[in-house]
There are 2 protein chains.
Amino acid sequence: MFLADCQARLAFDLISNTWTAVVVWSLRHGPRRPGDLRTEIGGISPKVLTETLRRLESNGLVARRSYAEAPPRVEYDLTDLGRTLLGPIGALGEWAFDHADEVLAAQDRRIRAPMPRSNG
Amino acid sequence: MFLADCQARLAFDLISNTWTAVVVWSLRHGPRRPGDLRTEIGGISPKVLTETLRRLESNGLVARRSYAEAPPRVEYDLTDLGRTLLGPIGALGEWAFDHADEVLAAQDRRIRAPMPRSNG
DNA sequence: CGGAATCCTATATGATACTG
DNA sequence: CAGTATCATATAGGATTCCG
């Protein structure tokens, strides 16, 4: 497996958007309405949520169902294909859970020591 | 584990750049020089490669070593922390390898049937 | 409520040329 | 060879407003 290959690049293009992985993860337990997603995720604008869901739909990871009711009701659900992505996304999330502090510490060091060639 | 959390978002911000995951993966077998990386990866400009490596360095995932030689020699290597990221990245790459065709098929369907509400 | 349209800004990427 | 500087462009993200 070569990540430089187009096939592997595909996976990264898929979830490289800021909210894509978060939205997929928010759908892991079943169908959700956009309003619920916005509440659960927080900080995502309606436009961006819609764009993200549409992109996921285009890639066959999410299915959209709308009900002819008033007020209108719409639900998004992971497809079988979308569910297969939960594993890798979960692995990445777990990694973050385990190593976030180390990354933050490294970032911190960069702030504190950005100029090693001082005159001392 | 909640992907909406800042901690989990961190992981996605880390590899959400186009080349980040590819560069990390290219370093999986040991230290590499920038020129080698450019050759192996292909299609990445010197500027973007440098930016990517610098970002990885800032996050503690990659270490830079330069040798006082002529011509100048520089090597980049994964840190211990960086190596822990190979698992999740590999999982994503494997997913792509297994499901790329399905994603492409879904994209294809969108192209072929973009207007379900024709007059038929 | 869902979501489309509009406007705006920040950033990532890329091509190129130059410096050490 | 490594890395920076500059310029240009595409796109993502965000805020807001209006429509069904």
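Please read all numbers here as calculations on a predicted model, not as lab measurements. In what follows, chains carry the letters A, B, and so on, assigned in the order in which the sequence lines appear, proteins first and then strands, with residues in each chain numbered from 1.
- No donor-acceptor distance shorter than 3.5 angstrom exists from the side chain of A:S16 to the backbone of B:N17, with no hydrogens or angles considered.
- The interatomic distance linking A:R55 (CZ) with D:dT11 (C1') rounds to 10 Å, in whole Å.
- Going from atom CZ of A:R32 over to atom CD1 of A:I41 covers 11.0 Å, rounded to the nearest 0.5 Å.
- Put simply, CZ on B:F12 is 18 Å from P on D:dA12, counting in whole angstrom units.
- A cation-pi arrangement is absent between A:R55 and A:W19, since the terminal nitrogen or guanidinium carbon is not both under 6.0 Å from the aromatic centre and inside a 45° cone about the axis.
- Atoms CD and CD, on B:Q107 and B:E102 in that order, are 12.5 Å from each other to the nearest 0.5 Å.
- One axis for each end of the helix from C:dC1-D:dG20 to C:dG20-D:dC1, each built from five base pairs, and the angle between them comes to 40° at 10° resolution.
- Under 4.0 Å is where a charged nitrogen must lie from a carboxylate oxygen, and between B:R83 and B:D80 at least one such pair does.
- B:D13 places its CG atom 18 Å from the P atom of C:dA10, with the value rounded to the nearest Å.
- Taken to the nearest 0.5 Å, the CZ atom of B:R64 stands 9.5 Å off from the CG atom of B:L53.
- A:Y76 has its OH atom 9 Å from the P atom of C:dG2, to the nearest Å.
- Mapping B:N17 and A:T50 onto DNA chain C via the closest heavy atom, the residue that lands nearer the 5' end is A:T50.
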Run the side chain to side chain contact (heavy atoms under 4.5 Å, CB included) check on A:V23 and A:V62 step by step: do they pass? CA-CA 10 Å; A:V23 169; A:V62 157; 5.8 Å; no
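- Residue contacts for B:R33: at a heavy-atom cut-off of 4.0 Å it reaches the sugar-phosphate backbone alone, with no base atom in range.
- Atom CG of B:L49 is separated from atom P of C:dA12 by 15 Å (rounded to the nearest Å).
- With the nearest nucleotide of DNA chain C identified for both A:P71 and A:R54, A:P71 has the one nearer the 5' end.
- Under the 3.5 Å distance criterion, the side-chain polar atoms of B:S26 are left unmatched by any main-chain donor or acceptor of B:L37.
- Here the CG-CH2 distance, from B:L78 to B:W25, works out to 10.5 Å after rounding to the nearest 0.5 Å.
- Remark: P of D:dT4 and CG of B:L53 are 11 Å apart, rounded to the nearest angstrom.
- The nearest whole Å value for the distance from the CG atom in A:L37 to the P atom in C:dC1 is 13 Å.
- Here the straight-line distance linking atom CG of B:N59 with atom CD1 of B:I15 works out to 12.0 Å at 0.5 Å rounding.
- Distances shorter than 4.0 Å separate none of the side-chain N or O atoms of B:R38 from OP1 or OP2 on D:dC1.
- Residue B:D36 contributes atom CG, which lies 12 Å from atom C1' of D:dA2 at whole-angstrom precision.
- Sorted by residue number, the members of residues 59-70 of chain B with any non-hydrogen atom under 4.0 Å from DNA chain D read B:R64.
- Side chains of B:Y76 and B:E57: a donor-acceptor N/O pair is absent below 3.5 angstrom, by distance only.
- Contact detail for B:R38 and B:L49: the closest heavy-atom pair is CG-CD2, 3.3 Å.
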Given protein heavy atoms under 4.0 Å, the one-letter contact record of nucleotides 14-20 of chain D, with B base, S sugar-phosphate only and - none, is simply BB----B
